[in-house]
Structure formats: C-alpha cells, structure tokens
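Okay, so here's the structure we're looking at.
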Number of protein chains: 2
Amino acid sequence: MAQRGTKRGNARLQLIDTALDLFDRHGFHAVGIDKILSTAGLAKMTLYHHFASKEELIVAVLEKRDTAFRADFAAAIADDADGRAKLLAMFDAIEAWTRDPAFRGSLFDKAAAEYGEKEHPVKKAVLSHKAWLFGEVRRAAAATGAADPVKLAAELFLLMEGAVLAAAVTGDRTAVRRAKAAAETLIAAAS
Amino acid sequence: MAQRGTKRGNARLQLIDTALDLFDRHGFHAVGIDKILSTAGLAKMTLYHHFASKEELIVAVLEKRDTAFRADFAAAIADDADGRAKLLAMFDAIEAWTRDPAFRGSLFDKAAAEYGEKEHPVKKAVLSHKAWLFGEVRRAAAATGAADPVKLAAELFLLMEGAVLAAAVTGDRTAVRRAKAAAETLIAAAS
DNA sequence: TCCGTGATAGACGGATCGGTCTAAGACCCC
DNA sequence: GGGGTCTTAGACCGATCCGTCTATCACGGA
C-alpha cells in the first residue's frame, strides 16, 4: 500500500514521460528500453516493477497522451455554445497544436503504423482514442442541426485527420487552416 | 555489363517485392534483413550486392511503390475530360485501393511515421511522393476553373489523406466515399 | 577441358534487443 | 540498533540486429 506519491510513483511517471518523448521522436521499435532507462536515469528493474513489458509501457504512454489530449480538447471547445462554433474551435485547437515546436504528428497515427494487427493492445489503444475523437465531432455536429450529422461529422473528421497528417509529414503550416476553411463550407452545406 | 534479365536482376526484384510485403505488414524497423532474406530464399551477400544497406533497400521499395502508384493513378484519371471528373476519379481510385484485401494503408505514411528526420533518405522519398500527389490534385483542380484552384486542391488533398488514414487505421469502409461526397460539395462551392 | 570471373551460402562480428536475476542498498517500525 | 521489506544497480541471458568475410560454386570463353 501507500505507493502513490512515493518514489515509485515518480519513477513510473518519469518512465512514461521519457518514453513518450523518445517514442515520439524516433518511433516505437527504434527506441529500446535501454535508451529509455539511461535517458531517465533509472534501472531496468524499476521499469519491470511498474510494467510487465515494453508493450505495457507503450500502452501506458498512449493512455497518458490520450488523457492529456482529451483535457486539452475539452477546454478548447468548452466556451462555445453552438455546434458550429464547437466544430470550428476543434480546428483552432488542432492548429495551435501543430504550431507547437514540439509537434511531431499524432503519436496514435505512428503507433498504428507500427502495430497494425487488430488485436494488438497498442492498436486497441489507438482505436479507442480515434473512436472518442470521432464521438466528439459527431456530438458537436449533431448540435448544429445538420440534416445528416453523422455524414457531416465523418467529413470533418477526415479533414482533421488529413490536416494533422499533412502537418506532420510535409510540415505544411497552412494545412489546418485550409481544413478549417473547408469545414466551414461543409457545415454551411449541411444545414 | 549484361546484368539485366539475368539472375541478378531477378534477385533484386524479388528482394524488393519481399521487403515491400513484409514492411507493409509489420513495419520497417520490425522487419530485419534476415527475415527478408529467409522469406525470399536468398543469401545476405546477394542483398548487399544490390544494395549498400537496409536503408537503400527501403528507398528502393518506396520507389517501386511510388512508380506503381503513379501508373495506377494516371490510368484511373486518364479517361476523364474535365477537371471535376478527374478529381472525382481520384477518389474512386483510392476507394478501389482501400477495398483491396491487401490494403494496409499508405506505405509512405508508415515510412514517415518511422523516419521523421527531414534529411533522412527515406523521408525524402516520402516527401517526393507526397509532392507529386499534391501536384496531380492541383493540376486537376486548376482545370475545373475554380476561383482559387490551389485552395481547392489543398482541401481535396487533405480529404484524400484523411480518408486513406482512416481506412487504414480504423478499417472504415465508408471513409473514402464520405470523402468523395465532401469533395463534390467543395468543388461545387469553389466555382 | 580448363580457367577466370563473379555470384552465392552461411559462418562470423560486435552491438543491441527485451527481459531476468542476484546482491546490495535504503528505508520502515519496533 | 536489529530485522524485515521494498527498491535498486548492473551483470547476465539467448535472440536478433546490420553488416562483413571467406570459401565454394556455376558458368562463359578459348
């Protein structure tokens, strides 16, 4: 008992933070646990005390990223009353994210690229994140009073995914703004 | 001299084909050259006779994929006279691709996920492919007579990227159709 | 037939992979 | 201060990583 707040808890957090950064920079297979441990200044047994395997660490990293993403997203759209404003605020939130110098693309997209098997725990974490994100878009789309809110949500979701991908791969700074402009057109056409 | 058409040429092609399949299924770092060689039934020296390194093999794989993609794409849009039809034919081509049981997402997106450094040869091959694809979209968009063809092209490009990603990650069969519907709306709004 | 050239098989190299184990350390309550 | 518990450093494990080397093999020309 009484493990939270002690060194153990700190070590766990530090492992996740360090692994998050390294995975984001170099990829999951490319980063070995030895590198994570030496970067974090921790010993192997510390890692294997908190996680049964590297795979579990990866899932924990994705869960932390997911939690942070949901909080940021919720804060970004909280102030907006109607569905249309919420949808457009989502694009603003994504644009702010892509403008961050630390932006290196979606960690979930990268994870999906390296772990393609449907039943893999890492892939499941990715799908969970994507399903939540689509749900957010769908809820806001429904609030616009669009004739077919699921259609509108699906279209805007694709724009978001494409914009994040393009911003990450090509470094295109205008991608998200273009996506938002397209979103406005689609929202207008959907009412 | 006189190497083409001999065993050497066949070995090279077989290496590329085998590597393409394995990289597509499992990722680039996850697949070692030993696995490629044992799958292809070839020896190490054969690989290192044709390629200086694994990295060179990866680039060759991407180049082959790029060449095949361009040919398929060109054939898909060749028959269509006007820009709008060409643009919509692109979505049809992508949908046909995603419906193929062998579809496992864009190999270029996966490569970008694993090789993020700008100056890396693999990343350069990815950027080359993306630049070409965007150029195709832009050319067709210009032929529609849209007021701002670059804006239209950028929007449709994001839809394509998002649709391919969504189809790959979530297995969503409707993604490309949704993207095409959105594209029709955007094209109509751009004239 | 014999020779020379170039491709091949597979052993081998050091490095690193994910993961385990042991021995010592740090800390707790009494 | 002593005894028990939890955490840690780092040696160690077999497997695999990418790449090299050597010894053999197949084949074309004279």
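Per chain, numbering begins at 1; letters A, B, ... match sequence-line order.
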Worksheet item: Considering only side-chain heavy atoms of A:Thr46, which listed nucleotide, D:dA9, C:dG18, C:dA11, is closest?
Response: D:dA9

Worksheet item: Tell me: CG of B:Leu37 to P of C:dG10, nearest whole Å?
Response: 12 Å

Discussion item. Heavy-atom nearest nucleotide on DNA chain C for B:Leu42 versus A:Val31: which residue maps closer to 5'?
Written reply: B:Leu42

Worksheet entry | Within 6.0 angstrom of A:Arg104 CZ, more than 12 heavy atoms from elsewhere | yes

Discussion item. If we count only N and O atoms by modelled type, under 3.5 Å, do the side chains of A:Thr170 and A:Asp172 hold a donor and an acceptor together?
Written reply: no

Response to the item:
Winner on side-chain proximity to A:Tyr48, out of D:dC18, C:dG19, D:dT22, is C:dG19

Worksheet item: Between C:dG18 atom C1' and A:Leu47 atom CG, what is the distance in whole Å?
Response: 10 Å

Practice prompt. Report the nucleotide, chosen from C:dT22, C:dA9, C:dG18, that has the shortest atom-to-atom distance to any side-chain atom of A:Lys54.
Written response: C:dG18

Worksheet item: Where the side chain of B:Lys44 is concerned, which of C:dC17, C:dC12, C:dT8 is the nearest nucleotide?
Response: C:dC12

Worksheet item: For the pair made of CG in A:Asp34 and P in D:dT16, what is the distance, rounded to whole Å?
Response: 17 Å

Worksheet item: Separation of B:His50 atom NE2 from D:dT20 atom P, in whole Å?
Response: 16 Å

Practice prompt. For residues B:Leu87 and B:Leu156, determine if any side-chain heavy atom of one lies less than 4.5 Å from a side-chain heavy atom of the other.
Written response: yes

Item to complete: Figure out the NE2/P separation between B:His26 and D:dC17, and round it to whole Å.
Response: 12 Å

Fill in: Parallel, tilted or perpendicular: rings of A:Phe108 and A:His129 (30°, 60°)
parallel

Worksheet entry | Interatomic distance where CE belongs to A:Met45 and P belongs to C:dA24 [whole Å] | 16 Å

Worksheet, complete the sentence: Between CD1 of A:Ile36 and C1' of C:dT16 the distance, given in whole Å, is 14 Å

Worksheet entry | Residue A:Ile33, side-chain atoms from C-beta onward, closest of C:dG10, C:dG19, D:dG19 | C:dG19

Fill in: B:Lys130/B:Glu161 ion pair, N-O < 4.0 Å
yes

Worksheet item: CD of A:Glu56 versus C1' of C:dG19: gap in Å, rounded?
Response: 13 Å

Worksheet item: Starting at the 5' end of DNA chain C and moving along, which residue's nearest nucleotide shows up first, A:Ala52 or A:Ala30?
Response: A:Ala30

